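Read the structure below first, then the notes.
Atoms within a ligand are numbered from 1 in the order they appear, just like the ligands themselves. Just so we're clear, the structure is a prediction, and the values are computed from it rather than from any experiment.
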Amino acid sequence: MKLLDSIQFLRGVGPKSAAVLNGLGIFTLQDLLLYFPFRYEDFKARDVAELLDGEKATIGGAIVTPPNLGYFGARKSRLTFKIKQDERVIGVSFFNQPYLQKQIEVGQNALVYGVWDAKRQQISGIKLIAMASAAADNDFMPVYHVKEGLKQASLVKYIQTAFDEQVLGQLTENLPAELIEKYRLMARQEAVKNMHFPTDMAAHKQALRRVKFEELFLFQLKLQALKNKEKSGRVGLTHVFSDADMDKKIAELPFALTEAQARAVSEILSDMRAPYHMNRLLQGDVGSGKTVVAELAMYAACLANFQAALMVPTEILARQHFKNLPEIFPELHIGLLVSGLKAAERREILADLASGHLRMVVGTHALIQEGVDFYNLGLVITDEQHRFGVNQRKILREKGQNPDVLMMTATPIPRTLAITAFGDMDVSIIDELPKGRQPITTRWIRHEQLPSVLEWLDGELSAGTQSYFVSPLIEESEALDLKNAEALYAELSEHFGVRARIGLLHGRMKNDEKDAIMIAFKAQKLDVLVSTTVIEVGVDVPNATVMVIMDADRFGLSQLHQLRGRVGRGSKKSYCILVANPKTETGKERMKLMCDTQNGFTLAEADLKMRGSGEIFGVRQSGIPEFLVADLVNDYNILEVAREEAVAAFRNPDKYPELLSEIAVDDLFD
Ligand code: ADP
Ligand code: MG
């Protein structure tokens, strides 16, 4: 048979199984060979002395007690017996597998696969392994994802048949010989064989390393190809402006730039001056001062006689920028474009953008809608970029005259994700906070302790500080038992009485109402702001120093960190109070982690480990692909190497010419 023969011609595969296999993406024998197990069970007997508590393993020993079968509940049973390994007596229990009883005989040997409990020195059995299969040299059992209508055993049989048909020999090597040698990678055919039928643990490890490298390397090649296409294929704009003008503006700022800010500015400016299309990600923890970097880039575009646009995810944020920009650039005409504008206002803004009268514009999604035409758009910046999906990034890239693009994110993206999701972009990092910031003290309390926090707040408020209270949902949802913002508002109003002026902000309010509240809070006409998560991103009120987050365990770590970042923005001591009664261990762990670390990157990494990449950004939205064998968290080292090699391949295109000519980038983010 041939490698690319249809699966339905394989011995033993009927039309029904063929259809199920197709549903798993298996159409040809090659697809079948490359359909790897997602995990393996290791049935090789281990010495209990080396097992960790909670580890899954197989142990063996002589059976020393007769089996004891007890029933409880409706149909539940527990089978127990003891085995002896060396001089150790180990308890074995099997739940709900009463039929195993007849296989247990004192004096015989038993092999048990299960979960090791080190404290009690016992194993909770998952599988009793027949002695015959234990004697065979294959200690691994591959486990495949299957679907209804297809059993594990059948799939294994098909794969075995494909191997019998000798098609593996037709599978061609797809990595350069140089890399195989350099990283001592297993050859492709051997690796595929060992993925399905590993000869031993060592061979299996090597096979896995090889296929992970292959997967990540080929993906990184695509990203690099995309990046190269951006840089060479499309000619971008060249911004011409003088350093002297820039320096003058920088000197007029109310503060000196941090070193990290200055570095980011200079990286961005040199991209803007270059003839290629800028595609840069500016990453910096909350409060690190990304805004001023963006403003300076916009200024450079204006100096070069182009227009600059700043796109932000919420109207509140847009209005905040619209209010601040003229303070730094009183000489420029600046516009605001949001969906809440009156028709006449909107018409005027659009006309002024098209005529070039407006030099800078700040807005929401409204900016990328149809009918918005620029006179000569030179630079587009998106703030809190993870809020915008891959598609919106694309629309921006393709907008108008191919402007330079800068994306900013305060969601600290772990490096693993950054180089997968944003590998096609250049990255600037602000890794330092402005001077004089004090660490934010974070405390986790339970709901019952809220009164004592309120008492403490009384004191803080009389000293003139301001505080936020965040509640996760606006509508009462009994099922989730969340306190809604209105109830919280009522509760706080009752507690503080005349001692505090309290405002309420939620997503259902009209834009001008939201505006009025934010302005009042910023002007210190309100002491306490009760809000849903609409304030999550970007809001900047340096005088606010206390952030209380209700039901904090309902948020992801990155989101909590964002919320916490609303305080600690000035020189005053700030506090973040997490109010939560988490029910799970992970929930408790997350609260503790928040108290122990201020570092957004550490938290994002932890979030990634606890919840997976999809949870952080939403896989589809962020463009992070799902890998077949590689794991972004655990295969970080391989990913780094794969990326380095992909970058090197493009720097040196003669190195593997066939490889590069075959890379197609169009399917990358589909
Ligand atoms: P983020 O990176 O979260 O968007 P912002 O740009 O909103 O942060 O900056 C946070 C606060 O720090 C703002 O009040 C801003 O004016 C101030 N800030 C920014 N850069 C500096 C600096 N170099 N020195 C002092 N304060 C700064
Ligand atoms: Mg910001």
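Using a cutoff of 4.0 Å between basic side-chain nitrogens and carboxylate oxygens, E259 and R263 are not scored as salt-bridged. Salt-bridge formation is detected for the pair R569/D540: a Lys NZ or Arg NE/NH1/NH2 atom is positioned less than 4.0 Å from an Asp or Glu carboxylate oxygen.
Taking every non-hydrogen atom of T258 and a distance limit under 4.0 Å, the qualifying atoms of ligand 1 come out as 23 (N). Distances below 4.0 Å separate heavy atoms of D540 from the following atoms of ligand 1: 11 (C), 13 (C), 14 (O). Listed by number with element, the atoms of ligand 1 under 4.0 angstrom from any heavy atom of T291 are 4 (O), 5 (P), 6 (O), 7 (O).
For the residue pair S242 and D245, a side-chain donor N or O sits within less than 3.5 Å of a side-chain acceptor on the partner. Inspection of the D551 and H447 side chains reveals an N or O donor paired with an N or O acceptor under 3.5 Å.
The proximity of Q261 to ligand 1, defined as any non-hydrogen pair under 4.0 Å, is limited to the side chain. Contacts with ligand 1 closer than 4.0 Å are made by no heavy atom of E432, backbone or side chain.
Formation of a donor-acceptor pair under 3.5 Å by the T597 side chain with backbone atoms of M594 is not found in this model.
Of the N or O atoms in G287, one or more lie within a sub-3.5 Å distance of an N or O in ligand 1. Ligand 1 has a nitrogen or oxygen under 3.5 angstrom from a nitrogen or oxygen of A256. Among the atoms of G289, some N or O lies under 3.5 angstrom from an N or O of ligand 1.
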Could you tabulate the donor-acceptor pairs under 3.5 Å formed by side-chain atoms of residues 329-341, not counting sequence neighbours?
| unit_1 | atom_1 | unit_2 | atom_2 | d |
| --- | --- | --- | --- | --- |
| E331 | OE2 | K249 | NZ | 3.1 |

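The distance between the ring centers of Y468 and F521 falls below 6.0 angstrom.
For atom 1 (P) of ligand 1, the nearest non-hydrogen atom from the set Q562, Q283, K290 belongs to K290.
Among residues two or more places apart in sequence or in another chain, the side-chain hydrogen bond (donor to acceptor under 3.5 Å, both in side chains) test is passed with D527 by R501.
Heavy-atom separations between R437 and ligand 1 include at least one value shorter than 4.0 Å. At a 4.0 Å cut-off, at least one heavy atom of S288 sits close enough to ligand 1 to count as contact.
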